[in-house]
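To start, the structure itself, in structure tokens.
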Amino acid sequence: MNKELPKIYEPQKVEDEIYARWEKSGCFNPDNLQNTVGTHCNVLPPPNANGELHIGHASGYTIMDIFGRYARMNGKKTLLLPGKDHAGIQTQVVFEKKLQAEEGLSRQEVGRGEFYKKTYAFCLDRANYMRSQEKKIGISADWSREKFTLDPDVLKTALETFVKMHEDGLIYKGKRIINWCPRCATALSDVEVHHKDTPGKLYFIKYPLENSEEFITVATTRPETMLGDTAVAVNPKDKRYAKLVGKNIILPLQNTIIPVIADQRIDLSFGTGAVKITPAHDPLDWEIGKDHNLTEIQIIDEKALITEFGGKYAGLTVHEAREAVLKDLEKLHLLEKIEELSHAVSICERCKTILEPLTSSQWFINVDAKTYSLKNEARKVVENAQIEIFPNNFQKVLIDWFDNMRDWCISRQIWWGPQFPVWYCETCGVEKYIVSLEKPKACPHCNGTKLTQDENTFDTWFTSNQWPYTTLKAHGNDYEDFYPTDMMIMGRDLLFFWAARMIMLGIYKTGEAPFKNLFFTGLGLDKEGHKFSKSRGNGIDPLLMIDKFGADALRMSLIMDSAPGQDSRLYEEKIETFRNFANKLWNISRFCLSQENFKLVENIENEDVKTPADAWIISKLDATITEINKLFAGKQIAMAADVLKTFTWNDFADWYVETNKLEKNQAVLGYVLDKILRLWHPFMPFITEHIWELAQIEKMLIISAWPKISNLSTLEIGKNNFEMIQNIITTVRNVRTENKIELGKKITICLNCENVSLLDALKSAFQEDLIKRLKTGIETIKYNEAGAELESSVKRTLGEIDLHIHLANAIDTDKEKEKITKEIENIEKFVSGLTERLSNETFVSKAPAQVISQQKETLAKKQAELIELKKHLATLS
RNA sequence: GGGUGAUUAGCUCAGUUGGCUAGAGCACUUCUCUUACAAAGAAGGGGUCACUGGUUCGAGUCCAGUAUCACCCACCA
């Protein structure tokens with residue numbers, strides 16, 4: 001046995017080597033496991049392959065790995081399937097910047113084909129780097145199955161879904177109003193739009209009525225869009241404007257004739273109640289325009305410049321056009337007034353540029369088709385709780401989201417990403433498109449051979465939303481073996497982007513929801529409660545923390561003190577406390593390993609239990625295992641780790657290890673440490689595996705069995721006796737401190753008790769020694785000696801035992817009196833409350849019998865204690 | 001405008017179907033370098049569980065409302 005272990009655990013020196021050993025053993029691959037009790041699969045959320053690991057990833061991976069390791073040790077064929085996402089827009093933004101900075105080239109200068117190749121290489125490079133970071137966290141994922149969203153096999157399945165959806169009538173191409181990002185130069189889906197409350201102005205503009213001196217005043221925050229107005233709308237119930245409906249208006253600046261129409265979607269109370277309608281550049285106006293057959297005039301183009309339809313404003317930016325329009329209106333005395341207004345501006349999720357609503361020809365998924373409603377099928381599964389969601393309140397959020405979901409725009413005009421499997425024939429034109437995975441040899445309509453592919457690329461979420469089955473289908477029988485998967489874990493910010501639509505597509509494609517449990521983590525916050533962000537520069541680098549405190553400490557700090565879905569703060573001091581705990585575990589083990597003939601033992605027999613301490617620790621361990629299993633079942637891993645920490649530190653280290661120094665029992669010591677290492681392994685895999693190896697166990701801990709309870713039947717009496725010993729020891733220490741008796745001074749105690757068998761148990765040589773030596777400074781113990789209480793002593797009642805602590809003349813009598821008086825008051829208050837409750841007829845008749853008998857017992861105990869205390873107080877005066 | 005979460009010790013947070021005098025870590029006070037560990041040990045102080053009502057024998061926990069904060073959703077131009 002190696003007795004020269006360092007006093008301080010040094011994770012940096014062992015973690016990489018341990019991870020390499022796991023990898024080499026092949027145990028991350030379920031095919032190599034001997035396990036037979038079911039399966040456990042968690043397809044890992046693929047991080048964007050364009051950067052590096054951040055604390056959010058680390059937090060998710062830790063939780064996934066904890067459940068994964070727990071399942072593996074419980075005999076399940078366990079697969080954690082890793083991957084990376086090509087992350088369309090975000091990667092294109094990142095890589096364009098890099099290209100510009102490093103080579104001074106724009107994407108246009110490079111050309112589409114070459115740009116795609118370069119970006120692909122960049123992603124693979126990042127993926128390699130990020131993989132090495134993921135390994136540092138200790139995630140036990142099967143790297144042999146790792147996938148990238150653009151891998152041909154994975155992508156093929158995803159594109160097949162597109163083809164099938166098109167056949168099923170769930171995909172259409174149409175000219176509709178969409179969110180356009182002028183900077184990214186692409187359409188976006190609704191979830192990629194963020195709203196930002198911005199102080200703005202509300203402009204009141206007078207529109208002259210045709211053949212009249214009158215005006216109708218409209219209010220708008222975007223005056224430049226008036227260039228594309230094709231109507232003014234009022235609410236049909238609005239009496240102010242009733243007589244104007246049907247009349248015409250001369251649109252200022254453009255001098256076109258547009259009608260006044262009535263539509264119930266207009267809010268009477270906002271602005272003037274009259275709204276300018278610009279169907280091409282406002283979502284609501286677009287819908288109203290459709291219903292009233294208004295023309296759409298696109299006056300803003302995809303670069304946010306005014307188009308030729310903007311007349312003399314053509315070519316101006318939106319901002320310039322606004323200034324010019326306002327100036328011209330003022331000249332014409334048509335600008336009535338300007339009010340301050342705070343309103344929500346749509347911005348791009350990725351680059352924060354203000355979005356322009358545009359009508360554009362795009363591809364959409366009909367989420368509520370008559371033949372098959374994607375959103376309703378998904379909603380049903382969530383509502384019927386076929387997926388268990390942690391925390392459960394997200395169920396309602398999901399249902400609401402499905403209810404309000406609108407058609408999903410899946411085409412992007414960027415270069416980075418898979419192109420649509422759609423083909424156009426030169427002669428037949430864009431209307432007669434062909435959907436096909438492979439490029440058709442000839443046009444089915446005209447037999448023409450000049451075919452070109454649709455230039456659109458997919459919304460990155462279209463492929464990642466299919467991740468659970470595209471990845472599993474790419475490898476052997478994995479789909480049959482593991483789908484639907486067991487766990488899906490993600491940050492709550494991905495609820496709509498990922499979770500919701502993954503459920504939708506999963507059910508559509510496979511008939512089953514892609515996972516049985518959906519677990520949300522909160523957001524990581526800094527010490528002040530701010531979100532981690534690049535611009536704030538408050539991020540905590542997980543790799544740096546691992547280097548400083550060890551991966552196990554980081555893992556613990558990421559899962560402790562937090563409930564599912566709840567945001568939690570992370571800061572170095574917190575990680576430090578778990579580094580301290582890892583060190584505690586290290587030193588506990590170091591003590592054990594230094595004992596002669598020490599070894600970890602898996603099983604324990606009744607005859608191994610020799611002392612009350614043995615019985616006590618095993619019974620505590622049994623309770624701990626039972627509790628932890630219960631908590632794991634409820635996905636309450638933070639509480640499980642907490643229970644285990646208390647057991648390890650406060651029970652095993654503080655009491656059992658100390659008693660074991662006085663009366664060696666290697667069997668029990670080895671048994672309990674064996675269990676502690678197994679129980680901690682999912683949470684702190686590195687240190688536990690390391691100690692396991694030092695204990696010279698051949699089979700690695702990662703594939704060792706999860707502990708079962710001892711099932712020893714003879715623990716109860718010993719356990720109670722040990723608790724009495726603990727009580728005596730704690731009380732003596734307490735009294736010493738209160739009376740300021742320095743440690744060097746030896747004292748005498750006397751135990752008086754009528755229960756002879758209890759006293760006999762405490763008298764046995766070993767236990768007497770224990771009571772004397774555990775930091776109590778006791779030299780002599782007397783039993784049932786009447787004389788003892790006559791000397792200058794302090795008396796405490798501990799259940800059946802009266803404990804007299806002889807302090808010679810060191811007692812501070814006044815303090816002791818004060819203390820006893822306070823204690824009496826305390827108990828009297830408690831007793832009177834309890835008495836009142838027990839004499840309350842309704843309580844007695846309605847409360848469960850168990851609660852009543854428990855309370856009666858407590859009352860009797862406390863009353864007895866009270867009598868003793870009062871007697872004691874009398875002797876003091 | 002709608003929704004969700006939070007409010008518990010000085011700070012950061014746990015507290016699963018209501019049940020005995022509400023917990024942890026950090027910080028604080030006192031003592032101790034006792035051969036596993038000072039990244040530690042021993043003893044301690046500190047809380048009307050945001051507020052108001054309700055249900056109940058019993059509420060931190062359930063219900064209604066209020067306040068403050070945070071976040072999410074949303075086509076008041």
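Numbers restart at 1 for each chain; the letters A, B, ... are given by sequence-line order, proteins then strands.
- Taking a pair to require two hydrogen-bonding distances under 3.5 Å in either a Watson-Crick or a G-U wobble arrangement, B:A24 pairs with B:U12.
- Each of B:A77, B:A36, B:G3 was ranked by its minimum atom distance to the side chain of A:Lys396; first place goes to B:G3.
- Here the CE atom belonging to A:Met556 is positioned 7.0 Å from the NZ atom belonging to A:Lys645, to the nearest 0.5 angstrom.
- A 3.5 Å limit on both hydrogen-bonding distances identifies B:A67 as the Watson-Crick or G-U partner of B:U7.
- In this structure B:A74 sits in no base pair that meets the Watson-Crick or G-U test at under 3.5 Å.
- For B:G41, neither phosphate oxygen OP1 nor OP2 lies less than 4.0 angstrom from any side-chain nitrogen or oxygen of A:Lys775.
- In this structure, a donor-acceptor pair under 3.5 Å is present between the side chains of A:Tyr207 and A:Asp229.
- Listed pair A:Asn580 / B:A40 meets the phosphate criterion, a side-chain N or O lying under 4.0 Å from OP1 or OP2.
- Within residues 633-646 of chain A, the residues that place at least one heavy atom under 4.0 Å from RNA chain B are, in residue-number order, A:Gln636, A:Met639, A:Lys645.
- Under 4.0 angstrom from either OP1 or OP2 of B:C75 there lies at least one side-chain N or O belonging to A:His195.
- Comparing B:C57 with B:C31, their C1' atoms are spaced 47 Å from each other, to the whole Å.
- Of the side-chain N and O atoms in A:Arg569, one or more sit less than 4.0 angstrom from OP1 or OP2 of B:C13.
- A:Lys531 has a side-chain polar atom (N or O) that falls below the 4.0 Å cut-off from OP1 or OP2 of B:C72.
- Contact annotation: the side chain of A:Thr521 never approaches that of A:Arg492 to less than 4.5 Å [non-hydrogen atoms, C-beta and beyond].
- Remark: A:Arg406 is in phosphate contact with B:C75, judged by side-chain N or O atoms under 4.0 Å from OP1 or OP2.
- B:A74 and B:A24 are spaced 41 Å apart, taking the C1' atom of each and rounding to whole Å.
- Residue A:Asn587 places its side chain closer to B:C37 than to any other of B:C37, B:A77, B:A42.
- Applying the 6.0 Å contact sphere to NZ of A:Lys740 captures no more than 12 heavy atoms from other residues, nucleotides or ligands.
- Base-pair partner of B:U34: not found among the strands shown (Watson-Crick or G-U wobble, both distances under 3.5 Å).
- Checking B:C57, B:U4, B:U21 against every side-chain atom of A:Asn393, the shortest atom distance belongs to B:U4.
- Rounded to whole Å, the P atom of B:C13 lies 24 Å from the corresponding atom of B:U29.
- For B:A36, its base sits under 3.5 Å from the side chain of A:Glu658 at one donor and acceptor pair at least.
- Ring centroids of A:Trp286 and A:His281 are separated by 6.0 Å or more, keeping the two rings apart.
- Nucleotides B:A77 and B:U4 have their C1' atoms positioned 28 Å apart, rounded to a whole Å.
- Residue A:Gln854 places its side chain closer to B:C20 than to any other of B:A77, B:A36, B:C20.
- With 3.5 Å as the limit, one finds a donor-acceptor pair spanning the side chains of A:Asp263 and A:His292.
- In the set B:A6, B:U21, B:A77, the nucleotide with an atom closest to the side chain of A:Gln566 is B:A6.
- Across all strands shown, B:C49 forms no Watson-Crick or G-U wobble pair with both key distances under 3.5 Å.
- Of the C1' atoms belonging to B:U34 and B:C69, the separation is 49 Å, rounded to the nearest Å.
- With A:Arg733 contributing its side chain and A:Leu774 its backbone, the two residues share a donor-acceptor pair below 3.5 Å.
- When Watson-Crick and G-U wobble pairs are counted only if both distances are under 3.5 Å, B:A59 pairs with no nucleotide at all.
- Applying the 4.0 Å criterion to OP1 and OP2 of B:A36, one finds that A:Lys584 has every side-chain N and O outside that range.
- Atom P of B:U61 sits at a distance of 15 Å from the matching atom of B:U55, rounded to the whole Å.
- At a cut-off of 3.5 Å, with distance as the only test, no side-chain donor of A:Ser346 or A:Lys196 sits close to an acceptor on the other residue.
- A donor-acceptor pair is defined here as one N or O able to donate and one able to accept, closer than 3.5 Å; no such pair exists between the side chain of A:Arg796 and the backbone of A:Leu803.
- Using P as the reference atom, B:G41 and B:A67 are 47 Å apart when rounded to the nearest Å.
- Side-chain nitrogen and oxygen atoms of A:Trp649 include at least one within less than 4.0 Å of the OP1 or OP2 phosphate oxygen of B:G41.
- OP1 and OP2 of B:A39 both lie 4.0 Å or more from every side-chain N or O belonging to A:Lys7.
- Taking only side-chain nitrogens and oxygens, A:Arg733 comes nearer than 4.0 Å to OP1 or OP2 of B:A43.
- Rounded to whole Å, atom P of B:C72 lies 12 Å from atom CG of A:Asp197.
- Atom NZ in A:Lys746 sits about 11 Å away from atom C1' in B:U34, given to the nearest Å.
- Across B:C28 and B:G10, the matching P atoms stand 15 Å from one another, rounded to whole Å.
- Using a 30° and 60° split on the angle between ring planes, A:Trp680 and A:Phe683 fall in the perpendicular class, above 60°.
- With the nearest nucleotide of RNA chain B identified for both A:Lys862 and A:Met560, A:Met560 has the one nearer the 5' end.
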